[in-house]
Amino acid sequence: GQNIDQPTEMTATEGAIVQINCTYQTSGFNGLFWYQQHAGEAPTFLSYNVLDGLEEKGRFSSFLSRSKGYSYLLLKELQMKDSASYLCAVSPSLRFSGGYNKLIFGAGTRLAVHP
Amino acid sequence: IAGITQAPTSQILAAGRRMTLRCTQDMRHNAMYWYRQDLGLGLRLIHYSNTAGTTGKGEVPDGYSVSRANTDDFPLTLASAVPSQTSVYFCASSEQFDKSYEQYFGPGTRLTVT
C-alpha cells in the first residue's frame, strides 16, 4: 500500500532550527513535495525534490534520500509566523497512479513556534 | 486576481440533500483536483481531471461526482449527502498532469452534513 509518516506535532523556539521528518512507502516515486498550511487556510507550496540531496530556498531547505524513502524539511531562524502545519506529499509512479500529480499526502506535522 | 476560487465558503447541509461545490481557476491550468481534509487523515484525493473533458477517480471517490466541461471550472457534486462527508473540501490545479508540478489550492469549503 501507500503510506506516508510524519510526526503529528512539534514545538520549537523563535530563532531556532527545526527539522520535520517524513518517511514514505509508495508503489513508485516521481517526486516529493512539502506544503505549508496555516490554520483555516489553503496549503501553499514550499518545495519539490525528485533527486537525492538538499534543495535550499531561503530559510527553508528540503532533503531527499530515495533509497531510504526519507525526506526532511529544515526551517531556520524560526519566526512566529512559521507556526503552521507542514504537509509531506509523494507523487507515485505513473503506472499505478494514472498521472504524476495524483499526490499521496501525509497527515501533516503541526509546528508551534514559541517566543 | 489570479488563482482559484471556491464557493460556498461554508455550508450546513441536511443528510440526503444534493449539493454542488464550485471551483473556478483563471490560470489556464490543464489539471484540476478535489481533495477532502479530515483531522488526522490529511488531504485525500476524491477526483481529478487531467484536461478539459476528462475525469478520473482518486483515493475516495464514492458518493461524489465531477465534471470538466471547460478548462476553468471543476464542480464537485454530492448526490445524496451523508454525515461522513462532513469535511473541508479543497480544489486545486496544476499546469499539466504529465509532470510533477506544484498544485495551487483554493481557500476551501467547510461542509457539515447533519
Side-chain angles (χ1 to χ4, degrees), chain A residues 1-9 22 24 26-51 55 57 62 64 66 71 84-110, chain B residues 1-7 9-10 23 25 27 29-51 54-61 66 68 74 87-110:
Chain A
Q2 320 268 41
N3 193 52
I4 297 179
D5 289 316
Q6 47 181 135
T8 303
E9 292 185 4
C22 171
Y24 63 89
T26 56
S27 53
F29 183 82
N30 280 300
L32 185 144
F33 295 82
W34 284 95
Y35 284 83
Q36 181 190 57
Q37 185 178 24
H38 286 100
E41 298 184 7
T44 55
F45 171 79
L46 285 178
S47 68
Y48 170 65
N49 295 70
V50 66
L51 299 176
E55 294 280 344
K57 189 185 295 185
S62 56
L64 175 67
R66 289 173 295 171
S71 173
S85 289
Y86 291 86
L87 314 180
C88 175
V90 172
S91 173
S93 68
L94 181 62
R95 177 183 174 188
F96 294 100
S97 70
Y100 284 92
N101 282 304
K102 286 180 66 176
L103 299 181
I104 307 296
F105 279 85
T109 297
R110 189 162 58 248
Chain B
I1 298 177
I4 300 180
T5 58
Q6 292 184 235
T9 302
S10 64
C23 174
Q25 54 103 358
M27 297 175 283
H29 284 174
N30 279 308
M32 297 188 74
Y33 317 86
W34 274 106
Y35 293 90
R36 58 178 290 172
Q37 187 174 38
D38 303 290
L39 196 63
L41 293 178
L43 286 159
R44 291 181 291 169
L45 183 66
I46 304 170
H47 285 286
Y48 67 96
S49 169
N50 288 333
T51 188
T54 68
T55 62
K57 293 181 179 181
E59 184 183 354
V60 288
V66 290
R68 187 87 183 277
F74 190 44
S87 187
V88 180
Y89 291 85
F90 287 101
C91 179
S93 71
S94 63
E95 285 186 38
Q96 304 288 347
F97 71 91
D98 58 350
K99 289 183 181 180
S100 284
Y101 287 96
E102 72 175 274
Q103 296 185 16
Y104 296 81
F105 286 81
T109 293
R110 184 174 297 274

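A, B, ... follow the sequence lines: proteins, then strands. Residue 1 opens every chain.
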- prompt: Which heavy atom of A:Ala42 sits nearest a heavy atom of B:Gly106, and at what distance?
  reply: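 In terms of heavy atoms, the two residues are closest at CB-O, 2.9 Å.
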
field: For the student: nearest non-hydrogen atoms of B:Leu43 and A:Phe105, plus distance
entry: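 That would be O-CB, 3.5 Å.
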
query: Checking side-chain contact (heavy atoms from CB on, under 4.5 Å) against A:Pro43, which of B:Phe90, B:Tyr104, B:Tyr35 comes through?
result: B:Phe90

- prompt: Who are the side chain to side chain donor-acceptor pair (under 3.5 Å) partners of A:Ser85, not counting sequence neighbours?
  reply: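 In terms of side chain to side chain donor-acceptor pair (under 3.5 Å), with neighbours along the sequence ignored, A:Ser85 is linked to no residue.
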
query: What pairs with B:Tyr89 under side chain to side chain donor-acceptor pair (under 3.5 Å), at least two apart in sequence or on another chain?
result: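 With neighbours one apart ignored, the set is B:Tyr64.
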
query: Has B:Arg44 got more than 12 heavy atoms of other residues, nucleotides or ligands less than 6.0 Å from its CZ?
result: yes

task: State, with a plain yes or no, whether a side-chain heavy atom of A:Tyr35 is found less than 4.5 Å away from one of B:Glu102.
output: yes

- request: Calculate, to the nearest 0.5 Å, the distance between atoms CZ and CD belonging to B:Phe105 and A:Glu41 respectively.
  value: 14.0 Å

message: For the residue pair A:Gln37 / B:Gln37, report whether a side-chain donor-acceptor contact shorter than 3.5 Å exists.
response: yes

